[in-house]
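Following: one structure in C-alpha cells, then a few remarks.
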2 protein chains.
Amino acid sequence: MRTLGDVVVITTEQVMSSKSHSATLQSPLYVRLAEESEGYKEYHCNGTPVDCVKLGYQRVLERWPDLVVSGINHGSNAGSTVVYSATVGAVVEACMDGMTAIGFSLDCFDADADFDHLDAAILSITKKVLAEGLPKGVCLNVNFPKRCAEPLKGIKICRQATGKWVEPFEAHYDENGNVYYDLRGEFVTNDLTPDTDIYAVEHNYVSVVPTQYDWTAKSAFDSLRNYESMLLENGNQG
Amino acid sequence: MRTLGDVVVITTEQVMSSKSHSATLQSPLYVRLAEESEGYKEYHCNGTPVDCVKLGYQRVLERWPDLVVSGINHGSNAGSTVVYSATVGAVVEACMDGMTAIGFSLDCFDADADFDHLDAAILSITKKVLAEGLPKGVCLNVNFPKRCAEPLKGIKICRQATGKWVEPFEAHYDENGNVYYDLRGEFVTNDLTPDTDIYAVEHNYVSVVPTQYDWTAKSAFDSLRNYESMLLENGNQG
C-alpha cells in the first residue's frame, strides 16, 4: 500500500479471530500512535476491527480516506465462513460508512505462510479499485490461494460458496471435573461449482466476491407475502 | 413458546450487545443445566449466542429442533444495524447449520419496556413458520414497534433499510490523563420507503425481513467482470 499513497494503519492489540462485526459497547476505547514515518502512521487500538474503522474515520484520520484495506488475514475468508470474519467485518463497516473497502485473506493458516506471491495481484486489484471505485453498498472480499509450484492463474469474480463449520466438540475435563468444549471445527461445503470463491481458490485463482451488507432475501418475498394477511388478534387463541 | 411444544433454552451468561456473529475460539466453553421442569430445560453458557447454537444442536439437544428462536431482544435490530446483532447472529448460525430460525426484537431500549402487546404476533408468526417452514438459506428477522395507544396494525414483509451508526466519539480522560472514547451513537437512515423494515416499525407494523447469509452482491458482477482480464504479472510495474 505504501507504494500507492500515504498509509494510516489502525490495528487491534489482540487477536480478533472469529470476532465478526463486533463493536465495543461496554468499555472505553483507546487509540495510541505507535509509529510514524514519511507517509506512514501506525495506531494501536484496544477494540475490534470494526471499532478501528469507526474511530479511524471519525477521530484519527485528517481527511476522508481514498480506500480502506483490511488484512491480509492469515486464513481463508472464502465461502459462508465470511460471517465470522473480523477482517471482512472491518470492510463491511467501512462500506456501510460510505468508504471504498477491500479485504484480503490468504487460504493458509501455517505459522510460516508465504505471502510473497501475492504482491502483484494485491497491487493490480487495489489500483483498479482506486481508479474505478466500487458500486454503492458493495465492498470486495478477496481470497488468495496458498503458494504452490505454479504462479497464480488469474482473478475470478465469484459468488460466496455455501457451507458450514462442523465441530467435533469433544468433551474435556477441567481440574474440578467439569466438562468443557473447544470450538475447533472444519468448514464443510458441497457447493463447489466453478462460479464459487472456494472453487476458484482451490484451482489457484484469486477469488473476488462483491459483498453487500443488505442481507434481505428478496427471492423469498413472494412465498412469504401471505404473512401479511394474518390476523394478529386471534393469534393467542391457537 | 411453551404453549407450542417442549422448550430448551440455552442462554449466555453475559450481555452480548453488539457481539454480532462472534464465536469463541480462544477459551473453553461450559454449558450447565440451570433449570428443569415438565417440557422445559434451561442451560447457561459462557460463550456467545453463536456458540450457544453450535453447542446446542451438536451437544445439548437430544434431537434435531423443529425451530430455533432467538430473543426477544431489548432494542431494535431493524435496518442495516442487523450486522451488529448477536440476536440475529444466532439466527443466522442456525440457518447456516440447516435449522429453521426466527429472531425477535423490540424497538425499545427502556429498562421497563412493555413486551405484553407482542404475544399474539409472536405466536402467529411462529405457528406459521412451524407449519410451513422457510425457504432454504433464509431465516427471519422480526422487529416489533414499542407499545403505543393503538394495537399493532399487522405484519409487513420488508427489506432491510440501509443506514449507519454515527458516533459522536467525544474525548474523555482517564485518571492518567489519557484520552478514551465511548462507542455510543445513533442509527441514521434516509432510506425510509414503505417497503423497509424501519418504516414498517415506525408505522406500528411488525416487520418481517427474510434474511440470508449469502452476502454476494450479484448485481455487481457485470461491472466487475473486467477484473478477470488483468495481467497479474505486470501488477508490480504499474
Side-chain angles (χ1 to χ4, degrees), chain A residues 17-25 28-30 51 54-55 58-59 80 82-84 92 96-97 119-121 123-124 127-128 135 138 152 154-157 159-160 164 167 169 178 180-183 208-217 220-221 223-225 227-228 230 232-233 235-236, chain B residues 17-25 28-30 51 54-55 58-59 80 82-84 92 96-97 119-121 123-124 128 135 138 152 154-157 159-160 164 167 169 178 180-183 208-217 220-221 223-225 227-228 230 232-233 235-236 238:
Chain A
S17 288
S18 204
K19 293 297 182 193
S20 185
H21 206 101
S22 293
T24 303
L25 293 184
L29 288 169
Y30 289 84
D51 297 331
K54 287 176 176 288
L55 273 166
Q58 291 182 90
R59 277 286 149 179
S80 43
V82 68
V83 302
Y84 305 96
V92 168
M96 289 174 69
D97 298 337
D119 290 356
L123 275 172
S124 295
K127 283 179 185 172
K128 197 164 170 72
V138 173
L152 295 170
I155 293 172
K156 290 283 186 196
I157 302 296
R159 69 175 176 87
Q160 172 191 313
K164 65 172 180 171
E167 291 84 16
F169 276 135
N178 295 316
Y180 70 88
Y181 301 96
D182 280 330
L183 201 158
V208 175
V209 178
T211 298
Q212 63 191 20
Y213 58 88
D214 181 351
W215 299 354
T216 312
F221 275 16
S223 67
L224 300 178
R225 192 63 75 185
Y227 278 61
E228 296 185 347
M230 283 196 285
L232 300 184
E233 293 317 298
N236 266 328
Chain B
S17 287
S18 205
K19 293 296 182 195
S20 186
H21 207 100
S22 293
T24 303
L25 293 185
L29 289 170
Y30 290 85
D51 297 330
K54 286 176 177 288
L55 273 167
Q58 291 180 90
R59 279 284 152 181
S80 43
V82 68
V83 301
Y84 305 97
V92 168
M96 288 174 69
D97 298 336
D119 290 356
L123 276 173
S124 295
K128 198 165 169 69
V138 173
L152 295 170
I155 293 172
K156 291 282 187 196
I157 302 295
R159 69 173 176 88
Q160 171 192 314
K164 64 172 182 172
E167 292 85 16
F169 277 134
N178 296 316
Y180 70 88
Y181 301 96
D182 280 330
L183 200 160
V208 175
V209 179
T211 298
Q212 63 191 19
Y213 58 88
D214 181 352
W215 298 356
T216 312
F221 275 16
S223 68
L224 299 178
R225 193 61 76 186
Y227 279 61
E228 297 185 346
M230 280 196 286
L232 299 183
E233 295 315 301
N236 267 324

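Hydrogens, waters and symmetry mates are skipped; everything else that's a heavy atom, side chains included, is used. Each chain gets a letter, A, B and so on, in the order its sequence line appears, and its residues count up from 1. Small disclaimer: the values here were computed from a predicted structure and weren't measured.
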Taking every non-hydrogen pair under 4.5 Å, which of [options] racks up the most with chain A?
options	value
B/N178, B/D51, B/V208, B/V82	B/V82
B/K156, B/M96, B/K128	B/K128
B/R225, B/K19, B/E167	B/E167
B/D182, B/T216, B/L25	B/T216
B/D97, B/V138, B/V209	B/D97

**Q.** Contact check, side chains of A/W215 and B/W215, non-hydrogen atoms, under 4.5 Å
**A.**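 Yes, at least one pair of side-chain atoms sits under 4.5 Å.
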Q | Side-chain heavy atoms of B/H21 within contact of A/H21, under 4.5 Å | A | no
Go through the atoms of [X] and report whether side chain, backbone, both or neither lie under 4.5 Å from a heavy atom of chain A.
X	result
B/T211	both
B/M230	side chain
B/Q160	both
B/R159	both
B/V83	both

Q. Once you round to the nearest 0.5 Å, how far does CZ of A/F169 lie from CZ of B/R59?
A. 8.5 Å
Q: Have a look at A/S22 and tell me which of B/S20, B/S22, B/S18 forms a side chain to side chain donor-acceptor pair (under 3.5 Å) with it.
A: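 The passing option is B/S22.
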Q.
I'd like to check the side-chain hydrogen bond (donor to acceptor under 3.5 Å, both in side chains) partners of A/Y30; sequence neighbours left out, ordered by chain and number.
A.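 Partners of A/Y30 under the side-chain hydrogen bond (donor to acceptor under 3.5 Å, both in side chains) test: B/D174.
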**Q.** Choice from A/A220, A/P135, A/A23 maximising heavy atom contacts with chain B below 4.5 Å
**A.** A/A23
Q: Under 4.5 Å heavy-atom distance to chain B, tell me which part of A/T24 shows up: side chain, backbone, both or neither.
A: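 Contact with chain B: backbone only.
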Q | Under 3.5 Å donor-acceptor, B/E228 side chain and A/I157 backbone | A |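 Present.
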